[in-house]
Every structure is written in C-alpha cells, then in structure tokens.
Amino acid sequence: MAQAPAPEPRKATGSGRSGLPPLETDGPVVLRFAPGPSGPLHLGHSRAVALNSAYRGLHNGKLILRLEDTNPAAVDPVAYGLIAADMEWLGATPDETVVQSDRLEIYCGDARELLSRDAAYVCHCDAEKWRELKRHNTACPCRGGKPAAQLVAFEALLSGGDGIIVVKTDLEDRNPALRDFVAMRVVETPHPRQGDTWRLWPTYNFAVAVDDYRLGVTHVLRGKDHLNNTLRQQWVYRHLGWDEPRFIHYGLVSIPDALLKTTTIRGGIASSEYSGWDDPQLATLVALRRRGYQPQAIMDYWVTVGVKEVDITLSWQNLEAANRALVEPEARRLFWVPEPFELTLDAPQPLEKHAPFHPDRAEMGERRETVEPGATIVLPAADVAQLAEGDLLRLKNLCNCRLRDGRLEHAGDDPVKGVPIVQWCAAGAPLQLLRPNGSQTDGIVEPAAAEMEGEVVQFERVGFVRLERSQALFLHR
RNA sequence: GCUCCCGUGGUGUAGUCCGGCCCAUCAUCUCGGCCUUUCGAGCCGAAUACCCGGGUUCAAAUCCCGGCGGGAGCACCA
C-alpha cells in the first residue's frame, strides 16, 4: 500500500536551501494540485505546484493531479495535456492523475447520502429569490422536505427538469458566504469528455470535499482565497462524518507586469496580439520555458517564499537572480551587435579572434575567426555614438582600434587599461532579439550561433537569451 | 454593508506560539571598492525594516486593547 515515489534528487541550489517547515503529520502524506483545465499553467499556478511538490519530497508522500472539469462550459480539451506537460517540466510529475468528470457516480452517491441524512435538499426556487432568502437568514420552502421525497426529486433531476442540490449549513451564520451552498446544478452544455451522459454536475466546493476525502488527501495546501471554501467544505465533512485533512493556506500572490487570466490570454491569442500560449510577453510556464527559465529556479523561488498567510508581490528580480545562478555557469558567450553600425577595418595583416565560450571555464572551448584587413566590422550604434574622432576602443578578443575618418584603424593587439571594450561582428547573420515587453531589436550575431539553436546563451554586454532558429528571446540581464 | 485573513528594509524571508541571547537573520535589489579583454560571475564593504497609539512587564517585533492599512469571500465559476 505505502507507495513510495522515488523522491527526485533535489539539489540544494543557492537560495532555495532554507527549506520549508515540515508538515504536521501522523502518517503518510497525500497532497494534490487541482487546477481547472481551461489552459496551460502560468507562474501563479506554479506556487501551488512547487509547494505541494516540495512537501511530497520532504515527507516522501504522494502527489495527485486532479483536473477539475465539472463546468462543461469552461473546459478546454487540450488543457489536460498541457497541464500534465507543465508539471512534468517543473519536475513535479504527479504520482496519480484523476479527472473529476470521470467521477460523477461518486458525487451522485455522496449527494444521495447527504440527502438521506437530511443534510441537503433539492431546491426548485428561482436563483435570485433563493439568494435573497439566504441574505435574510431565511429558509426556502424546499429546505423543509423529507429526505425520502428529496431523494425522489434528486433522481428526477438526473434525467430532466430544473433544480439544484443544496448543502444545509447554518442559515444564522454571521458570515453570509457560509449560508447553505449549492452542491450540484444542471448544466446542459455537452462535456468535451463526457458528452451529454450527465446533466447534473457538482460544484467546486462539493466536488473538492468529496474528492479530497475519497482520494485520501491528508494536507490541502492552497491559496488564502479558499479560506471560505474551506469552511464550506468542512460542512460536508461534518455531515458525512468524515475525518478532515489538514488545511493550509498561503497568501495571495500578485505578479507585476503579467497577464495571467486564462480567458484574457485566450482572447489575445485569438486576436493575434499574442503568437500563442508561449508568446514571450506572457507569464505562462511555456512562455517562460521558451525564454530560457529553468524549472528549478521557479521551484526554488517558491520554496524561499514559503507558506505564510501574508499576501506577497512576486519579485521578478529575485526570480531572475535564482535563474541566473543556474544558467550563468553553463551559458556560452556570444557577440551580438544590436543596431549594427558598419565600419571598415584598416590593419597591416589578418587578425585572429580568440574568444572563450565561457570566461571562467576554458574547457568549454573558444570561437575562432580570422578577420582580413579591409573587412567590414559592425559595432553597436550606441557605442559608436559615444566615440569621438581619434578615440581608442577595444574590439573584444581581437585588437585595439582608433576611430579615424569613419574607419577603424588597428592600434595594437594588447589590452590597454581604461579603454572601452565592445563586442563586434565581421561575418555573422542577422538576428532579431525579442523582449518580453514586446519590443524587437535588429542585430547581427556571430557565426558560432548557427549551431546553437535552442541554447540559453549570454550575449556579452546584453544579457542572457535563448536562441531560436532566426531570433533570440531575451531572458534577463 | 457583512464575514474572514494578514501587516519585519525596495522585494521576499528568519524570529512572533514558549517576552530577554534581536541596537533584529538570510537572499535579492541599490550604492561604493577590488578583480575581470562583458555592463556576467566572483570577492570586500555600506545603506535601508519590526504599521500607528496606548497598556502589562525589570524587559515586547514577540502578550493585551484600540486604531490604521492591505487582501479575500459573500456565484446554479474554479
């Protein structure tokens, strides 16, 4: 029984070492991540994934992915696969995946149990009227029916008619959010996976309570926005005499400069404002991945943030720092010249470029290139603008030059202290850099880039980027 | 409006339950310096915080009361 998923070797990278406080527990730990399949995961989701996954590792527990697709109208069939892929990329592959729309018999069973215990009722009132009555701590006429009659009404609803199943709570509760809540309702829209086999669908709170219990979840780790939902779900536990899991709520995260709302992104893609879910302007996981974010950086970041109930603002700088620490030792260096300015090089003889792929790791090799006298050299226009006639500058890893009459005049090979050092290209290919703010910069990249598609590299003096076939995506400085 | 949660530097975090070892930890950011044929990395240093007001106490970031501030929920969404 005690399944022990191999805890992946979790390397304690830099910042993430502080670690999470262990969970209170008296046995095996079962956790779950439960998104609705409406699109791929984004940075906001990744906190829940990271925390649940970190605790799985810490307690050698089990992590369930539960797809919450009980609203047929809000399901994107491709999202099931996208979400699974995102979790895998994060290194948080679930031990088990369950889909709520496969479990309708279970919800119906527990609804019947609720009804027969007089803990729920079938309501045929007008929605607005029912809410209004609740607001005044008043029961609707349907609430008083006998369990036997309620059960009959429930069976009838399965095949036709209007109505909802309501969980009885305390109508006198001072918190208006906690007075009687809907457990199941009729949705005629066909479900992408189930077609029209079912018309009575559970709501979020009911399905979650049932599944957390029946799946043996021991710790429910989720955002603070679920505080009231927890209170509602606890009514189901009490009515049915179930032992409760431990509930842990972490604070809300606000992510600056990021569009996270799935429906808005979907709209932006439809209107071609974004090229797709992985558009570099987005904070979806696929987009961050495409730009060169390392999953471990994201996971580490959330672990250092922890599980407190305070609301936080995500710090891109801190996340970038975590990613830079991972990427910097591995990233090969390359010259990329933004807004290239052409100059002719005057030199007495051919010059040899010896540029290491990594300044601190000679074993990574170097890029070599011969530059003939009279060759056209491109420099960043911004750097040329800084230069006055006769000024000395160094073409990095090549030679010193002096700017004379709009040409570059060779001025020695050995580095001279205090001289500006600039990246340059002689041969090279056009390459556009895309930044997450949507801007694009034209430039020339050195020949070595040709065989480095897909790599995260550092453009010297520019920042880390990920190379694609004919463009580069800016990662961070 | 009602209900619930939270409030340590720019950002995040440790400490708050069990008051003293906290003139408050660590990371990141910022600013200097060193180093470096990148404005990357590395090394050294600096600056910046206990929301406010009372109270209890020899002693409060830590306990109590009252303000103020932020957030969430009050869906036949998840």
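It should be emphasised that the depicted structure is a prediction, and the values quoted were computed from it without experimental measurement. So you know, we letter chains A, B, ... as the sequences are listed, proteins then strands, and number each from 1.
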Just how far, in rounded Å, is [atom2] of [N] from [atom1] of [X]?
{"X": "A/Arg47", "N": "B/U13", "atom1": "CZ", "atom2": "C1'", "value": "12 Å"}
{"X": "A/Leu351", "N": "B/U37", "atom1": "CG", "atom2": "C1'", "value": "15 Å"}
{"X": "A/Trp424", "N": "B/U38", "atom1": "CH2", "atom2": "C1'", "value": "15 Å"}
{"X": "A/Arg179", "N": "B/G1", "atom1": "CZ", "atom2": "P", "value": "16 Å"}
{"X": "A/Leu398", "N": "B/U38", "atom1": "CG", "atom2": "P", "value": "15 Å"}
{"X": "A/Asp300", "N": "B/G12", "atom1": "CG", "atom2": "C1'", "value": "14 Å"}
{"X": "A/Ile248", "N": "B/C5", "atom1": "CD1", "atom2": "P", "value": "17 Å"}
{"X": "A/Asn137", "N": "B/U3", "atom1": "CG", "atom2": "C1'", "value": "13 Å"}

Roughly how far apart, to the nearest Å, are [N] and [M] at atom [atom1]?
{"N": "B/G71", "M": "B/U25", "atom1": "C1'", "answer": "27 Å"}
{"N": "B/C43", "M": "B/A27", "atom1": "P", "answer": "10 Å"}
{"N": "B/A75", "M": "B/U30", "atom1": "P", "answer": "45 Å"}
{"N": "B/U3", "M": "B/C17", "atom1": "C1'", "answer": "25 Å"}
{"N": "B/G45", "M": "B/C50", "atom1": "P", "answer": "25 Å"}
{"N": "B/U37", "M": "B/U28", "atom1": "P", "answer": "25 Å"}
{"N": "B/A46", "M": "B/U36", "atom1": "P", "answer": "24 Å"}
{"N": "B/U8", "M": "B/U16", "atom1": "P", "answer": "15 Å"}

Original post:
In dot-bracket, 5' to 3', how would RNA chain B read with Watson-Crick or G-U wobble pairs under 3.5 Å, [ ] for crossing ones and | for pairs to another strand?
Top reply: (((((((..(((.......[.....))).(((((.......)))))....(((((..]....))))))))))))....
Apply ring-ring contact (aromatic ring centres under 6.0 Å, His included) to [X] and list each qualifying residue two or more places apart in sequence or on a separate chain.
{"X": "A/His219", "answer": "none"}
{"X": "A/Tyr204", "answer": "A/His226"}
{"X": "A/Trp336", "answer": "A/Phe459"}

Subject >> Beyond-backbone contact of A/Leu115 with A/Ile165, side-chain heavy atoms, under 4.5 angstrom >> reply: yes
Strictly under 3.5 Å: I want the nitrogen or oxygen pairs between protein and nucleotides 40-43 of chain B, one per line.
unit_1 : atom_1 : unit_2   : atom_2 : d
B/G40  : O4'    : A/Gln458 : NE2    : 3.0
B/G40  : N2     : A/Glu328 : OE2    : 3.2
B/G40  : N2     : A/Asp360 : OD2    : 2.4
B/A41  : O4'    : A/Glu328 : OE2    : 3.4

**OP:** Check for a donor-acceptor pair, side chain of A/Asp391 on one end and backbone N or O of A/Ala388 on the other, with a separation under 3.5 Å.
**Re:** yes
Original post:
Does any N or O in the side chain of A/Asp180 come within less than 3.5 Å of the main-chain N or O of A/Thr169, such that one atom is a donor and the other an acceptor?
Top reply: yes
**OP:** Only one of A/Leu51, A/Leu221, A/Leu41, A/Ile64 passes side chain to side chain contact (heavy atoms under 4.5 Å, CB included) with A/Phe33; say which it is.
**Re:** A/Leu41
Original post:
Has A/Thr313 got a side-chain N or O lying under 4.0 Å from the OP1 or OP2 atom of B/G12?
Top reply: yes
Original post:
OP1 or OP2 of B/G7 less than 4.0 angstrom from a side-chain nitrogen or oxygen of A/Lys308, does that happen here?
Top reply: no
Original post:
Would A/Trp316 and A/His476 count as a close aromatic pair, with their ring centres under 6.0 Å?
Top reply: no
**OP:** For A/Gln423 and for A/Lys417, locate the closest nucleotide of RNA chain B by heavy-atom distance; then report the residue assigned to the nucleotide nearer the 5' terminus.
**Re:** A/Lys417
Original post:
CZ/A/Arg394 to CD/A/Gln423 distance, rounded to the nearest 0.5 angstrom?
Top reply: 14.0 Å
Original post:
Just checking, A/Arg232 and A/Trp235: is the charged tip under 6.0 Å from the six-membered ring centre and within 45° of the axis?
Top reply: no
**OP:** Count the heavy atoms of every other residue, nucleotide or ligand shown that sit under 6.0 Å from CD of A/Glu339, and state whether that count exceeds 12.
**Re:** no
Subject >> Member of A/Asp69, A/Asp211, A/Asn71 meeting the side chain to side chain donor-acceptor pair (under 3.5 Å) criterion with A/Gln100 >> reply: A/Asp211
Original post:
Does the B/U3 base have a donor-acceptor partner in the side chain of A/Arg174 within less than 3.5 Å?
Top reply: no
Original post:
Along nucleotides 72-78 of chain B, 5' to 3', which nucleotides get a B, which get an S, and which get a -, given that the test is a protein heavy-atom distance under 4.0 Å?
Top reply: SBBSBSB
**OP:** Would you sort out whether A/Arg291 and A/Arg466 count as a side-chain contact (heavy atoms from CB on, under 4.5 Å), showing the intermediate values?
**Re:** CA-CA 6 Å; A/Arg291 283 174 52 202; A/Arg466 190 169 154 277; 5.7 Å; no
